[in-house]
There are 2 protein chains.
Amino acid sequence: MNTIRSPQPPPSLTRSVEDYLKSVFHLTSQGGFATTSDIAEMLDVAPPSVSGMMKRLSETGLIEHVPYRGVQLTPQGRRAALQMIRRHRILESYLTSKLGYDWGDVHVEAERLEHAVSEKLIERMADALGEPRYDPHGAPIPTAAGEIEEAELVPLAESEVGSSLVLQEVGDEHPARLHYLAEQGLTPGVRLTVIDRQPFNGPTIVRLGDGTTRVVGQELALLLFCRSSDGE
Amino acid sequence: MNTIRSPQPPPSLTRSVEDYLKSVFHLTSQGGFATTSDIAEMLDVAPPSVSGMMKRLSETGLIEHVPYRGVQLTPQGRRAALQMIRRHRILESYLTSKLGYDWGDVHVEAERLEHAVSEKLIERMADALGEPRYDPHGAPIPTAAGEIEEAELVPLAESEVGSSLVLQEVGDEHPARLHYLAEQGLTPGVRLTVIDRQPFNGPTIVRLGDGTTRVVGQELALLLFCRSSDGE
DNA sequence: ACAGTGCATTAGCCTAGACTAAATTTCAAC
DNA sequence: GTTGAAATTTAGTCTAGGCTAATGCACTGT
């Protein structure tokens, strides 16, 4: 008996491949190469595992690998990465606004779901949400066509004292930190005035839109990405 | 020239433990053992793959394996299987009522998602739906505690001519057949009176609640599970 | 009772994707 | 320019879960 089973290798990507592409995307967002050890650290795997995967990914044309230097995404790899990022951020948005998830908990759930959802489901969710442009952490959501907004944001920790800012994006996914930030009212969209900063990487002191002040340690202030609100 | 066989088989998708447990559950729902070849056929894998997996599953205590006879679920395996079935059916219900999915399309989507969703997400979905008891195909949804309703249903093909029935469950997941059935108004909940049946496995003729009649071929009539509506 | 048939299992191989240990390359410091 | 440390790649191994081919078991028919 000669039953035909999988007639051709499915075009779908392995779970891990998708994670590797996302990592490379994030690590090269400022330009340059993603290094083996950075990818390894981000995915919590050993460096040789990364080397092996980079070999496979460059054979399939998703990345460009310069030995001993690092990797970059090809246009095809970038498209695949942006698709995953769109999935992730639409899922986070949907879980938050339609199923009552806390913004600290959505990341882990989306991280698993993004590998299993169909394009159709993502588009239905996006539609139900009214095609959101930002996820609950303020990160821009790539369009279905694969375009993503690139804003010039500055971490609060590196902002100028005296400047007026709007908190645009929280660059972190750890539940505990996100809970704390939400308690402090430090969520995307809030207006900030930078009052002062202590020396030697000390905390930044800000006044919020409601007139109250917050003292934000450097570790957290590095995660709060702001845009200037001058002239608004 | 002889056809040259490809030297290596194409990469096939790997079925998870969860899929095996679901198969065993369904194949043993009438009691008895699930056989290796039935499981293999249901999951579209080769019989030796099933033997191998059954070995692993019985080592972890999820199934009882009687060599050359078949397998049954242990209580622990049954719990795991019912959890997967709950996930699947809640997902199907949610996709249908909250995201506008057609009842023919939900199965494939749920099949992938059920391995990725958390318990928490399923319970949120169930809550948003008002704790539904049946999925869009009329199949009972196990409770979070792992209990499932077992109804005595008879396929329309085996119903008595003259009887009054309610279509309770459509035992199929093929989009094309489901679309056709929906067109014919043969969806769970509809009342049927069995008018006649042609001999030699011929079609069953039914009158619907609205007075119209349908001629249902045996293949489909075997998939329409009904309960008696006498005295309603 | 036993031969044949058909299903189940074992044996042996393959790939993906992990790992560790060893070898290689790069680069910075002298 | 050489040297040594750090990063990267290669080599070799492991596991899960597929596969095919070969073998083993059980049941049916004579």
Side-chain angles (χ1 to χ4, degrees), chain A residues 1-24 27-28 32-72 80 111-112 115, chain B residues 3-24 27-28 32-72 80 111-112 115:
Chain A
M1 189 176 79
N2 239 335
T3 27
I4 296 170
R5 226 169 292 282
S6 305
Q8 55 186 11
S12 63
L13 302 171
T14 295
R15 189 213 112 94
S16 298
V17 166
E18 293 166 345
D19 288 334
Y20 279 96
L21 290 177
K22 276 204 316 182
S23 289
V24 175
L27 290 168
T28 55
F33 290 91
T35 68
T36 298
S37 40
D38 284 350
I39 299 167
E41 191 189 350
M42 185 170 280
L43 294 177
D44 195 25
V45 296
S49 306
V50 177
S51 284
M53 183 59 88
M54 292 305 108
K55 185 146 179 267
R56 276 169 251 148
L57 291 184
S58 60
E59 277 160 9
T60 58
L62 291 162
I63 62 166
E64 203 65 54
H65 185 196
V66 182
Y68 291 100
R69 272 286 136 66
V71 298
Q72 283 181 318
E111 197 70 20
R112 275 177 293 106
H115 305 293
Chain B
T3 307
I4 297 176
R5 288 290 167 80
S6 55
Q8 49 195 3
S12 40
L13 69 120
T14 131
R15 314 303 302 245
S16 68
V17 165
E18 292 163 346
D19 288 328
Y20 280 94
L21 291 177
K22 276 205 317 181
S23 289
V24 175
L27 290 168
T28 55
F33 290 91
T35 68
T36 298
S37 41
D38 284 349
I39 299 167
E41 191 189 351
M42 185 171 281
L43 295 177
D44 192 26
V45 296
S49 304
V50 176
S51 283
M53 183 58 91
M54 292 306 107
K55 186 146 181 264
R56 277 169 248 147
L57 291 183
S58 61
E59 276 161 9
T60 58
L62 291 162
I63 63 166
E64 203 64 55
H65 185 194
V66 182
Y68 293 98
R69 274 285 138 67
V71 298
Q72 282 180 318
E111 197 70 18
R112 275 176 294 107
H115 304 295

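Numbered from 1 within each chain, the chains take letters A, B, ... in sequence-line order. Just so it is clear, the structure is predicted and the values come from calculations on it, not from any experiment.
Ser51(A) comes within 4.0 angstrom of a nucleotide base, judged by non-hydrogen atoms across all strands. Within the 4.0 angstrom heavy-atom criterion, only backbone atoms of the sugar-phosphate kind lie near Ser37(A); the bases stay farther away. Among the atoms of the strands shown, base atoms are found under 4.0 Å from some heavy atom of Ser49(B).
Met53(A) has its side chain out of reach of Ile39(A): every pair of non-hydrogen atoms, C-beta onward, lies at least 4.5 Å apart. Taking the side chain as every heavy atom from C-beta outward, His65(B) and Leu57(B) never approach each other to under 4.5 Å. With a 4.5 Å cut-off on side-chain heavy atoms, Gln72(B) and Val24(B) do not count as touching.
Rounded to whole angstrom, the span from the CZ atom of Phe33(B) across to the P atom of dC25(D) amounts to 19 Å. One can place CG of Asp19(A) at 14 Å from C1' of dA18(C), the figure rounded to the nearest angstrom. For the pair Asp38(A) CG and dT8(D) C1', the interatomic distance rounds to 13 Å; values are reported in whole Å. Here the C1' atom of nucleotide dG17(D) and the CD atom of Glu59(B) are 14 Å apart, to the nearest Å. Separating the CG atom of Leu57(B) from the P atom of dA16(D) is a distance of 12 Å, rounded to the nearest angstrom. Here the C1' atom of nucleotide dG17(D) and the CG atom of Leu43(B) are 13 Å apart, to the nearest Å. Rounded to whole Å, atom C1' of dT9(C) lies 10 Å from atom NZ of Lys55(B). Between Ile39(B) atom CD1 and dC7(C) atom C1' there is a gap of 13 Å when expressed in whole angstrom units.
The side chain of Arg56(A) approaches dA16(C) more closely than any other nucleotide in the set dG18(D), dA16(C), dT9(C). If you check dA18(C), dT20(D), dA26(D) against the side chain of Tyr68(B), the one that comes closest is dA26(D). You'll find that the side chain of Arg69(A) is closest to dC27(C), out of dA18(C), dC27(C), dG18(D). Taking every side-chain heavy atom of Met53(B) into account, dG17(D) is the closest of dC19(C), dG17(C), dG17(D). Comparing dT20(D), dG18(D), dA21(C) by their nearest atom to the side chain of Ala46(B) picks out dT20(D).
Within the structure, every side-chain polar atom (N or O) of Thr35(B) is placed at least 4.0 Å from both OP1 and OP2 of dC7(C). Residue His65(B) has a polar side-chain atom (N or O) positioned under 4.0 Å from OP1 or OP2 of dT9(C). Taking 4.0 angstrom as the limit, Tyr20(B) places none of its side-chain polar atoms (N or O) nearer than this to OP1 or OP2 of dA16(D).
Note: Tyr20(A) OH to Ile63(A) CD1 = 10.5 Å, rounded to the nearest 0.5 Å.
Counted within 6.0 Å of CD on Glu18(B), heavy atoms from surrounding residues, nucleotides or ligands total more than 12; the atom is thus considered enclosed.
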